[in-house]
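All values derive from a computational prediction rather than experimental measurement. Along the sequence shown, residues carry numbers from 1.
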Amino acid sequence: MTLPLPSRSNSATRKPVRRAVVASVLVLCGLAGASACGKSIQITDSGDKPAASSPAAPAPASSTPPPAAAGGGQPAGNSALQVVDSTAAQNGKTGTGGTVIGAAIQETPPKWVQFSAVQSPDLGTHLINVNQATLYRFDKDTAKPSASNCNDDCAATWPPVTIVEGGNVYLAGVDPKQVGAVRRQDGQVQVTVGGWPVYRYSGDNGPGDANGQGIGGTWFAVGPTGEKSAQ
């Protein structure tokens, strides 16, 4: 699979950055059409130590999501996330799972998200979501234990990557062991990589933008083990 790479940005003028070509997305879990492989992870409270994870049985591509709880949109009886070591498309998923891009408001947490590792001259190896939106980490957060310190106005500018409880996190080029989840101050579930809570940037107007890179000296594109891109 190939996706567009970003051209080099000018951090001084904060001009929009867009990827023009894509390097290959690195897939860890096999060829297209392969059955899903992954694990189940528990959601931790912000600042708590992560709970031990347990392996999850492979889910067939045709599997249906758990039934929704009465009066709510979240699956009943399942607070864990399923981390699947293959892409959404390989598991029969189409569309975006309910994720959005840029300044669009995430009205409800998506049913699934996808993290793909891509390479570019400007950012090195970093993560994008299924919309090809660059994903970020915040230096003022903590990874051990996982905790988000971006709330209220901060979260409006840097929307957290959230997901419904019991949802699926699909991966391409990311080790499932690096993926976790933390419950935010507002009660929503935010996905973490390498312990670091993951965000998108409202100033990225379309696929491939990376306008959030280096803002305030604290926001950086996030890599597949939670490392920041400092290029």
Within the structure provided, determine whether Ile101 and Pro207 are in side-chain contact (heavy-atom separation under 4.5 Å). yes
Within the 3.5 Å criterion, strictly below it, is a donor on Gln106 or Thr108 matched to an acceptor on the partner's side chain? no
Hey, what's the ring geometry for Phe138 with Trp219, parallel, tilted or perpendicular (30° and 60° as the breaks)? parallel
May I ask you to decide if Gln188's main-chain N or O and Thr162's side chain share a donor-acceptor pair within less than 3.5 Å? no
Between Ala155 and Cys150, which heavy-atom pair has the shortest distance, and what is it? N-SG, 3.5 Å
Should Phe220 and Leu123 be marked as a side-chain contact (heavy atoms from CB on, under 4.5 Å) after you check the CA-CA gap, both sets of side-chain angles, and the distance that decides it? CA-CA 9 Å; Phe220 298 92; Leu123 301 179; over 6 Å; no
Is the closest side-chain heavy-atom distance between Trp196 and Thr225 below 4.5 Å? no
Does either side chain, that of Asn131 or that of Thr96, offer a donor lying less than 3.5 Å from an acceptor on the other one? no
Test of understanding: clusters of I, L, V, M, F, W, Y form through side-chain heavy atoms closer than 4.5 Å, transitively. Do Val161 and Val100 belong to the same one? no
Any side-chain to backbone donor/acceptor pair from Arg200 onto Gly102? Under 3.5 Å, distance only. yes
Using the rule given for side-chain contact (heavy atoms from CB on, under 4.5 Å), can you reason through Val169 versus Gln82, listing the C-alpha separation, both sets of side-chain angles and the distance that settles it, and then say yes or no? CA-CA 6 Å; Val169 181; Gln82 304 303 312; over 6 Å; no
Tell me whether Asp45 contacts the main-chain N or O of Arg183 through its side chain, where contact means a donor paired with an acceptor under 3.5 Å. no
Below 4.5 Å, heavy atoms only, C-beta onward: do Ile41 and Lys39 meet side chain to side chain? yes
Whether the side chain of Asn129 engages the backbone of Gln132 through a donor-acceptor N/O pair (distance < 3.5 Å, no angle test) should be reported. yes
Distance, nearest 0.5 Å, that separates CG of Asn211 from OH of Tyr136: 6.5 Å
Flag side-chain contact, heavy atom, 4.5 Å: Val189 against Val164: no
Is it true that a side-chain atom of Thr192 and a backbone atom of Gly180 form a donor plus acceptor pair closer than 3.5 Å? yes
Do the side chains of Pro160 and Trp158 get nearer than 4.5 Å, heavy atoms only? no
Residues Ala143 and Gly194: closest non-hydrogen pair is CB-O, 3.7 Å
Determine whether a donor-acceptor pair (N or O, by modelled atom type, separation under 3.5 Å) exists between the side chain of Gln213 and the backbone of Ser229. yes
Heavy-atom pair of closest approach, residues Asp175 and Leu171: C-CD1, 4.3 Å
Closer than 3.5 angstrom, by distance alone: can the side chain of Gln190 be matched with the main-chain N or O of Val198 as a donor-acceptor pair? yes
For a quick check under 3.5 Å, do Ser116 and Tyr170 share a side-chain donor-acceptor pair by atom type? no
Close side-chain approach of Val222 and Glu227, heavy atoms under 4.5 Å: no
Looking at residues at least two apart in the chain, or sitting in another chain, which of them share a salt bridge (Lys or Arg N to Asp or Glu O under 4.0 Å) with Arg137? Asp139
Under a 4.5 Å cut-off applied to non-hydrogen side-chain atoms, are Leu81 and Ile163 in contact? yes
Side chain of Asn168, backbone of Trp112: donor and acceptor closer than 3.5 Å? no
Does Thr157 offer a backbone N or O that forms a donor-acceptor pair with the side chain of Ser202 under 3.5 Å? yes
Any chance you could lay out the side-chain contact (heavy atoms from CB on, under 4.5 Å) test for His126 and Thr134, step after step, and finish with the verdict? CA-CA 8 Å; His126 62 287; Thr134 300; 4.2 Å; yes
Check the pair Phe115 / Val83 against side-chain contact (heavy atoms from CB on, under 4.5 Å), numbers first and verdict last. CA-CA 11 Å; Phe115 290 168; Val83 179; over 6 Å; no
Just verifying a value: how many Å separate Asn149 CG and Gln185 CD, rounded to the nearest 0.5 Å? 9.0 Å
If every non-hydrogen atom of Ser40 is compared with every non-hydrogen atom of Ala80, which pair is closest and at what distance? OG-CB, 3.3 Å
Compare all side-chain heavy atoms of Pro145 with those of Thr44 and state whether any distance is below 4.5 angstrom. no
Side chain Asn91, main chain Thr87, donor-acceptor under 3.5 Å: yes
